[in-house]
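Down below is the structure, laid out as structure tokens.
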4 protein chains.
Amino acid sequence: MSGTPERGGARERGDAFAESGDEAPWRVLRSRQPLGTRVRVGDVEFGGPGFVVIAGPCAVEGQEQTDTTAVEVARAGAHILRGGAFKPRTSPYSFQGMGEMGLRLLSDAGRRHGMPVVSEVMDASQIDLMYDHVDILQVGTRNMHNYALLRALAKVDKPVLLKRGMAATVHEWLLAAEYLLEGGNPRVILCERGIRTFEPEMRNTLDLSAVALVKQRTHLPVVVDPSHATGLESLVVPMSLAAAAAGADGLLVDVHPWPEQALCDGHQALLPETFAQLMQKLEPVLHAVDRMLWRPQVAASAVGVR
Amino acid sequence: MSGTPERGGARERGDAFAESGDEAPWRVLRSRQPLGTRVRVGDVEFGGPGFVVIAGPCAVEGQEQTDTTAVEVARAGAHILRGGAFKPRTSPYSFQGMGEMGLRLLSDAGRRHGMPVVSEVMDASQIDLMYDHVDILQVGTRNMHNYALLRALAKVDKPVLLKRGMAATVHEWLLAAEYLLEGGNPRVILCERGIRTFEPEMRNTLDLSAVALVKQRTHLPVVVDPSHATGLESLVVPMSLAAAAAGADGLLVDVHPWPEQALCDGHQALLPETFAQLMQKLEPVLHAVDRMLWRPQVAASAVGVR
Amino acid sequence: MSGTPERGGARERGDAFAESGDEAPWRVLRSRQPLGTRVRVGDVEFGGPGFVVIAGPCAVEGQEQTDTTAVEVARAGAHILRGGAFKPRTSPYSFQGMGEMGLRLLSDAGRRHGMPVVSEVMDASQIDLMYDHVDILQVGTRNMHNYALLRALAKVDKPVLLKRGMAATVHEWLLAAEYLLEGGNPRVILCERGIRTFEPEMRNTLDLSAVALVKQRTHLPVVVDPSHATGLESLVVPMSLAAAAAGADGLLVDVHPWPEQALCDGHQALLPETFAQLMQKLEPVLHAVDRMLWRPQVAASAVGVR
Amino acid sequence: MSGTPERGGARERGDAFAESGDEAPWRVLRSRQPLGTRVRVGDVEFGGPGFVVIAGPCAVEGQEQTDTTAVEVARAGAHILRGGAFKPRTSPYSFQGMGEMGLRLLSDAGRRHGMPVVSEVMDASQIDLMYDHVDILQVGTRNMHNYALLRALAKVDKPVLLKRGMAATVHEWLLAAEYLLEGGNPRVILCERGIRTFEPEMRNTLDLSAVALVKQRTHLPVVVDPSHATGLESLVVPMSLAAAAAGADGLLVDVHPWPEQALCDGHQALLPETFAQLMQKLEPVLHAVDRMLWRPQVAASAVGVR
């Protein structure tokens with residue numbers, strides 16, 4: 001029974017990968033796949049030259065809301081639809097999500113509008129149910145350290161979107177991904193969503209330097225959620241553009257047709273029209289850094305495709 | 001489907017309990033049990049005038065290690081034995097715990113030396129197995145936000161030791177307890193174990209002001225884990241005494257007979273003799289704040305006993 | 001021109017003292033004065049077996065307020081009077097302090113009631129003025145990194161109370177003290193006053209583990225300011241008792257006769273009667289850790305006195 | 001003597017501007033200058049459509065180093081030269097800067113290569129000396145709360161580059177600027193340089209969302225220092241591009257011809273050739289967000305020019 005050496009008191013630094021003395025090379029490190037890994041979801045490919053945009057409501061609240069949002073974001077060019085059916089809420093009295101009905105509404109909307117769907121899985125016991133309804137299983141920030149869930153997802157043949165823990169170091173985040181890779185699931189998409197700091201004005205502090213650092217450290221694709229990171233609608237567009245310029249592989253954006261009625265996080269949701277404007281603004285910024293919005297014509301090379 | 005109102009951007013403050021406009025009075029608030037709640041574990045009672053000390057190794061590593069530690073801490077006056085059978089490790093390559101065998105070793109040692117035992121449950125699927133082996137189910141810092149686990153534990157007839165998330169606000173911590181209470185399990189013991197900050201010298205920053213604040217806010221008992229909080233053996237005794245003076249209801253202390261060989265967190269473990277010294281030093285500090293170490297003769301009053 | 005080696009990216013850890021490779025042994029380290037340093041202020045002695053209590057209003061607001069507070073805290077047994085004449089305010093429109101008049105009121109009150117006084121110096125240009133009025137010059141949390149001020153204070157023949165920066169590591173704090181010692185002023189009293197974290201309920205997070213760590217690292221006395229640390233009146237007494245049990249050498253407590261009218265930080269000020277109760281509660285806690293409230297009869301030994 | 005109301009315990013949120021009840025409208029708020037303020041430094045103009053790049057070594061170490069860097073960055077298109085003559089060092093034994101000689105070397109290099117210069121002023125007593133040598137006076141992160149210094153700089157007829165405190169909230173940062181404006185100096189350029197968080201891999205956490213938020217809140221120009229923010233050379237280019245896309249008005253970049261010999265922060269300095277590449281990469285990103293690198297032909301409009 002080996003153990004990872006720990007320095008008294010300190011939190012492990014990323015270079016502990018080298019210091020740890022563990023002979024098994026970490027699967028998550030970029031040296032394992034210097035050209036990067038591409039994760040395929042349906043036709044969509046993360047990690048290639050195409051920048052992937054995932055959009056949709058924070059929570060699935062009803063058919064009209066979900067369908068309206070799906071229509072709008074698809075029209076604006078979004079590639080994947082998101083929506084929470086099982087919501088992790090701070091309070092047990094808050095709306096917990098529509099559950100299975102929500103999954104159906106989400107997958108129906110995705111199918112109708114030609115988009116794969118992603119939704120958060122909160123417990124291993126939900127995996128079977130969700131397997132048939134979603135194309136990507138999302139691990140929320142509160143579950144990044146839920147190793148039982150990670151081990152279960154490692155056995156599933158479906159891509160996982162792994163959100164960084166709200167107070168997780170880059171090192172811990174990469175090792176959470178290692179749980180998935182080591183357990184057998186190589187289709188991991190990392191997602192930066194802000195970290196918890198002293199600043200009270202914003203929900204979290206979006207850490208784009210971690211995105212750049214992680215792109216150097218690992219071969220996995222990395223996307224950014226500027227909605228939960230900032231908690232403020234007015235900051236979503238600038239942060240999305242910044243994420244694109246920083247080298248992120250995509251975005252996860254909260255869009256709601258009637259934010260003032262949203263049951264979760266209405267303050268951060270973009271109106272569909274604002275989302276459409278964002279998509280238009282993204283294009284030139286991506287070109288400026290030799291990227292482009294993903295399109296079906298962006299061929300996936302065989303190298304590294306999962 | 002109601003929702004808890006959220007302020008744009010900000011994290012919710014504790015006084016949001018008042019601001020939230022939710023009619024159902026929160027079960028966790030002190031107003032529900034002004035005299036405080038006492039949680040009984042075997043003969044031991046948390047939350048009364050008696051200060052409870054839980055001690056043992058961070059991880060169960062073998063029979064000799066666990067039994068030696070049990071003998072020593074029992075002799076020194078510890079009330080409850082702890083030991084991890086399922087360990088949440090940052091890396092999948094680190095020692096993950098002895099699993100079921102570890103539970104057996106722990107419960108045997110507890111039985112042999114007359115102490116109830118506590119161990120961490122990492123997933124709802126482990127509850128049945130652990131139910132027969134442990135007297136208290138511990139929710140680790142990484143699982144405080146694991147609502148699926150909390151809901152499952154709410155249905156279990158066994159006390160739960162709920163560690164504060166490493167970046168959880170006091171408000172979130174109390175609401176995590178609310179999940180347990182609301183779901184039907186009133187036997188909750190809170191545990192402060194340090195929060196994550198910028199300070200690199202210590203593993204976490206022990207937040208004793210949160211202990212004092214929580215004692216004002218809730219009727220639940222609150223204990224302190226100075227071992228994982230500081231990560232440094234030399235700080236465990238002073239922080240334990242400080243916790244006692246601050247009004248905590250008990251301690252959770254990492255003790256190992258041979259720390260340099262420990263598979264987890266050896267830097268923070270106390271030697272048995274140091275633990276014995278701590279127990280002796282605690283007594284006068286407790287008396288100074290009108291408390292005492294728990295003893296069987298400290299009668300539990302019928303009021304508030306669970 | 002030599003430089004301290006810096007690790008790429010990382011913040012320096014305290015053990016960098018050993019790693020730094022600097023031949024000149026740091027004056028602040030305990031190895032320089034294994035028996036500890038005692039700092040004398042009039043009759044009062046910090047760092048010996050006697051626990052020193054500094055009390056008074058956050059800001060000097062007028063003669064009646066300052067004198068009333070002085071009478072009350074002196075009666076309750078406080079050793080030193082504090083009061084701010086120059087207040088560092090976040091906003092330029094907030095009350096900035098009474099300035100020189102405030103210094104006079106403070107020193108008069110101190111003289112009348114037989115207590116030395118301490119007040120914050122915000123700029124080197126104020127040193128001369130303050131020299132004649134105060135017995136201890138306080139460096140506020142916002143000025144811990146103000147090296148120009150530290151170098152100036154290093155040349156002054158008067159004790160300095162050095163507050164930890166609100167986001168300063170223990171290492172940086174000790175090196176700020178090193179500026180004073182190296183520059184020629186050995187009469188330094190450190191003061192922990194909470195660090196800035198994500199927790200919104202309390203003004204700062206009081207870091208008592210830093211107090212215990214610093215007592216191991218340095219020979220200088222360390223006191224605690226539970227008032228600015230917590231920002232909540234109801235937490236001041238428990239945190240004061242915890243500080244005493246943790247091994248602190250004293251306290252710095254905010255006391256105001258009419259807190260609801262306070263111009264600064266009224267929420268954290270103790271009423272005089274509460275302060276008196278605190279003094280009474282401190283005594284048994286100090287005895288429990290082999291300390292006692294300072295009294296004139298506690299003789300200063302020649303060794304290490306400054 | 002009025003006071004700004006403070007909420008018990010909490011840190012003030014930015015919207016406290018509205019809550020504060022202070023009748024005098026804050027000068028720093030965007031409503032005072034809806035079209036934005038342009039700050040002129042020689043020919044260079046901050047806050048207009050032109051994006052300004054300040055580059056140079058962290059510390060002036062000698063004539064060859066400073067002149068070489070000046071030549072290189074000027075050739076690459078930098079607009080302003082920076083260099084520290086007075087360095088705030090954590091340790092008194094670290095290189096403190098060349099002082100007055102350093103100022104001369106810096107201003108000479110700037111003059112020779114046609115660039116205004118900026119350097120950090122650490123104390124009000126240095127203002128007179130620096131006035132003749134530099135074109136912008138920089139307030140370092142450790143001095144953002146040094147109100148005595150801010151008040152002195154408010155009386156000086158020279159632009160001030162105000163770095164955000166390493167643990168300053170956006171609210172506090174804007175109020176620090178208010179000290180300058182209220183005191184009479186309207187020529188303030190804000191600079192985001194990262195905030196202190198738990199993440200050990202990077203020196204600070206660059207907070208680009210604060211840049212976007214501040215651009216909404218105030219009329220002052222805001223630049224970004226990706227060098228001190230990340231502490232890692234490999235992250236400077238991506239973060240610079242991200243800053244441009246986020247809406248920043250410029251950059252402050254650490255460039256050194258021989259970083260491995262740097263006396264300060266060598267790990268973060270860009271080689272001149274990397275800086276040249278950065279300047280080339282910036283252009284398309286700026287165009288993508290309807291900006292451009294500043295050029296003399298970018299006329300300053302009379303509106304809002306200071």
Side-chain angles (χ1 to χ4, degrees), chain B residues 10-16 166-173 194-217 224 226 229-232 234-248 281-290, chain C residues 10-16 166-173 194-217 224 226 229-232 234-248 281-290:
Chain B
R11 270 195 292 288
E12 286 187 58
R13 289 173 43 104
D15 40 21
M166 62 179 74
T169 62
V170 163
H171 181 70
E172 291 166 341
W173 187 20
I195 56 174
R196 191 157 264 196
T197 70
F198 61 82
E199 174 61 66
E201 297 244 22
M202 288 163 287
R203 188 172 171 147
N204 295 280
T205 296
L206 177 60
D207 185 3
L208 290 179
S209 55
V211 173
L213 183 66
V214 160
K215 285 298 293 177
Q216 293 173 10
R217 282 279 167 78
V224 170
T230 62
L232 292 171
S234 67
L235 299 184
V236 174
V237 172
M239 288 303 101
S240 297
L241 302 185
K281 292 177 182 179
L282 271 172
E283 198 83 66
V285 175
L286 287 165
H287 288 163
V289 293
D290 299 326
Chain C
R11 268 193 295 284
E12 286 189 57
R13 290 173 41 106
D15 42 21
M166 62 178 74
T169 62
V170 163
H171 181 69
E172 290 166 339
W173 187 19
I195 56 175
R196 191 156 266 197
T197 71
F198 62 83
E199 173 62 66
E201 298 244 22
M202 288 164 287
R203 190 174 170 144
N204 294 280
T205 296
L206 178 60
D207 185 3
L208 289 179
S209 55
V211 173
L213 183 66
V214 159
K215 284 298 292 176
Q216 294 172 7
R217 283 279 167 80
V224 170
T230 62
L232 292 172
S234 67
L235 300 183
V236 174
V237 172
M239 287 305 100
S240 297
L241 302 184
K281 292 178 181 177
L282 271 172
E283 198 82 66
V285 174
L286 287 165
H287 288 161
V289 293
D290 299 324

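Numbers restart at 1 for each chain; the letters A, B, ... are given by sequence-line order, proteins then strands.
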**Item:** Among the listed options B/Gly247, B/Gly194, B/Pro238, the residue most often paired with chain C at heavy-atom distances under 4.5 Å
**Value:**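 Most heavy-atom pairs under 4.5 Å with chain C: B/Pro238.
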**Prompt:** Quick one: what part of C/Ser234 sits under 4.5 Å from any heavy atom of chain B, side chain, backbone, both or neither?
**Reply:**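 Both parts, heavy atoms under 4.5 Å.
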**Request:** Name the region of C/Ala168, side chain, backbone, both or neither, that has any atom closer than 4.5 Å to a heavy atom of chain B.
**Result:**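 The backbone, not the side chain.
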What distance separates [X] [atom1] from [Y] [atom2], expressed to the nearest 0.5 Å?
X        : Y        : atom1 : atom2 : value
C/His171 : B/Glu201 : NE2   : CD    : 8.0 Å
C/Leu235 : B/Leu208 : CG    : CG    : 11.0 Å
B/Asp207 : C/Asn204 : CG    : CG    : 11.0 Å
C/Lys281 : B/Asp290 : NZ    : CG    : 8.5 Å

Could you tell me which non-hydrogen atom of [X] sits nearest to which non-hydrogen atom of [Y], and how far apart they are?
X        : Y        : answer
B/Met202 : C/Val170 : CE-CG2, 4.4 Å
B/Phe198 : C/Thr169 : CE1-N, 3.9 Å
C/Ala245 : B/Leu241 : CB-O, 3.5 Å

**Prompt:** In chain order, what residues pass the side chain to side chain contact (heavy atoms under 4.5 Å, CB included) check against B/Ala248, with sequence neighbours excluded?
**Reply:**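 Result, side chain to side chain contact (heavy atoms under 4.5 Å, CB included) vs B/Ala248: B/Phe51, B/Val211, B/Val224, B/Ala243.
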**Request:** Applying side chain to side chain contact (heavy atoms under 4.5 Å, CB included) between C/Ser209 and each of B/Val236, B/Thr230, B/Leu232, report the one that passes.
**Result:**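 Passing option: B/Thr230.
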**Message:** Using the side-chain hydrogen bond (donor to acceptor under 3.5 Å, both in side chains) criterion, which residues pair with C/Thr205? Sequence neighbours excluded.
**Reply:**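 C/Thr205 satisfies side-chain hydrogen bond (donor to acceptor under 3.5 Å, both in side chains) with C/Thr197 once adjacent residues are dropped.
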